[in-house]
Amino acid sequence: QVQLVESGGGLVQPGGSLRLSCAASGSIFSIGYMGWYRQAPGKERELVAQISTTSITNYADSVQGRFTISRDNAKNTVYLHMNSLKPEDTAVYYCNAAVRPSVVSHRFYDYWGQGTQVTVSS
């Protein structure tokens, strides 16, 4: 079994910054893509940022230049540094990872964290 645990959400004023962390633990042989998604009330879940095993990154247009995704492979952890936050960034942020649980199988499985609330408001 694999668990993804997020931390770092909270309330911040417009223009402020937050850093989200997501640590993967459990039965892990290797991790492929890691990423962050978000879901605002009444909206569908959307990709925010994604990072490959070689740190190639991909961002949603709405966060390009303001958010930075990074990962620490030794710690099985992915981060999301969020700067210049706007009220429209308010959402529940979910961590996502493609995990290969064992050396026996080459298959990767998709796992999700429980979500962390980010609220941007004055």
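As a basis for the values below, the full set of heavy atoms in this structure was taken, side chains included, without hydrogen atoms, waters or symmetry mates. We're numbering straight along the sequence, starting at 1.
Nearest heavy atoms, R66 versus L85: NH1-CA, 3.9 Å. Looking at every heavy atom in both residues, I69 comes nearest to I51 through CD1-CG2, 3.7 Å. Considering all non-hydrogen atoms of both residues, S55 and R71 come closest at OG-CG, 4.5 Å. Between M34 and T77, the shortest heavy-atom contact is CE-C, 4.3 Å.
Note that CG of L47 and OH of Y59 are 11.0 Å apart. Values are rounded to the nearest 0.5 Å. Taken from OH in Y79 to OG1 in T68, the straight-line distance is 14.5 Å, to the nearest 0.5 Å. To the nearest 0.5 Å, atoms OG (S70) and CG (L80) are separated by 8.5 Å. One finds the CZ atom of R45 at 5.0 Å from the CH2 atom of W112 (value rounded to the nearest 0.5 Å). Atom CD of residue E46 and atom OH of residue Y37 lie 10.5 Å apart, to the nearest 0.5 angstrom. Separating the CD atom in Q114 from the CD atom in Q3 is a distance of 11.0 Å, to the nearest 0.5 Å.
Linking Ile, Leu, Val, Met, Phe, Trp and Tyr residues whenever their side-chain heavy atoms come within less than 4.5 Å places V2 and W36 in a single cluster. No chain of hydrophobic side-chain contacts below 4.5 Å, direct or via other Ile, Leu, Val, Met, Phe, Trp or Tyr residues, connects Y94 to L20. Grouping the Ile, Leu, Val, Met, Phe, Trp and Tyr side chains by contacts below 4.5 angstrom, directly or via other members, places V12 with V48. By the criterion of side-chain heavy atoms lying less than 4.5 angstrom apart, applied directly or through intervening Ile, Leu, Val, Met, Phe, Trp or Tyr residues, F29 is not grouped with V99; the two fall into different hydrophobic clusters.
By the 4.5 Å heavy-atom criterion applied to side chains, P87 and P14 are counted as neighbours. Contact of the T53 side chain with the I31 side chain is not registered, since no non-hydrogen atoms from C-beta on lie closer than 4.5 Å. The shortest side-chain heavy-atom distance between M82 and V118 falls under the 4.5 Å cut-off.
For S62 (side chain) and A60 (main-chain N/O), no donor-acceptor pair under 3.5 Å exists by modelled atom type. Put simply, the side chain of E6 gets close to the backbone of G115: a donor and an acceptor are under 3.5 Å apart. With hydrogens and angles ignored, the 3.5 Å screen pairs no side-chain donor or acceptor of S122 with any backbone N or O of Q13. R19 places no side-chain N or O within 3.5 Å of a backbone atom of H81 that could act as its donor or acceptor partner. Using modelled atom types, one side-chain atom of T90 and one backbone atom of V120 make a donor-acceptor pair closer than 3.5 Å. Remark: the backbone N or O of S102 is paired with a side-chain donor or acceptor of R100 at under 3.5 angstrom.
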Let me see the working for N58 and Q64 under side-chain contact (heavy atoms from CB on, under 4.5 Å), right down to the final yes or no. CA-CA 9 Å; N58 177 43; Q64 182 77 46; over 6 Å; no
Show your working on side-chain contact (heavy atoms from CB on, under 4.5 Å) between F108 and S30 and close with a plain yes or no. CA-CA 9 Å; F108 283 77; S30 67; 3.7 Å; yes
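Remark: of the listed residues N96, L4, N76, V5, L4 is the sole one forming a side-chain contact (heavy atoms from CB on, under 4.5 Å) with C22.
Residues S52 and T54 bring a donor and an acceptor atom of their side chains to less than 3.5 Å of each other. Remark: the S17 side chain and the N83 side chain contain an N/O donor-acceptor pair separated by less than 3.5 Å.
For E88, the CD atom counts as densely surrounded, since its 6.0 Å shell holds more than 12 non-hydrogen atoms of other residues, nucleotides or ligands.
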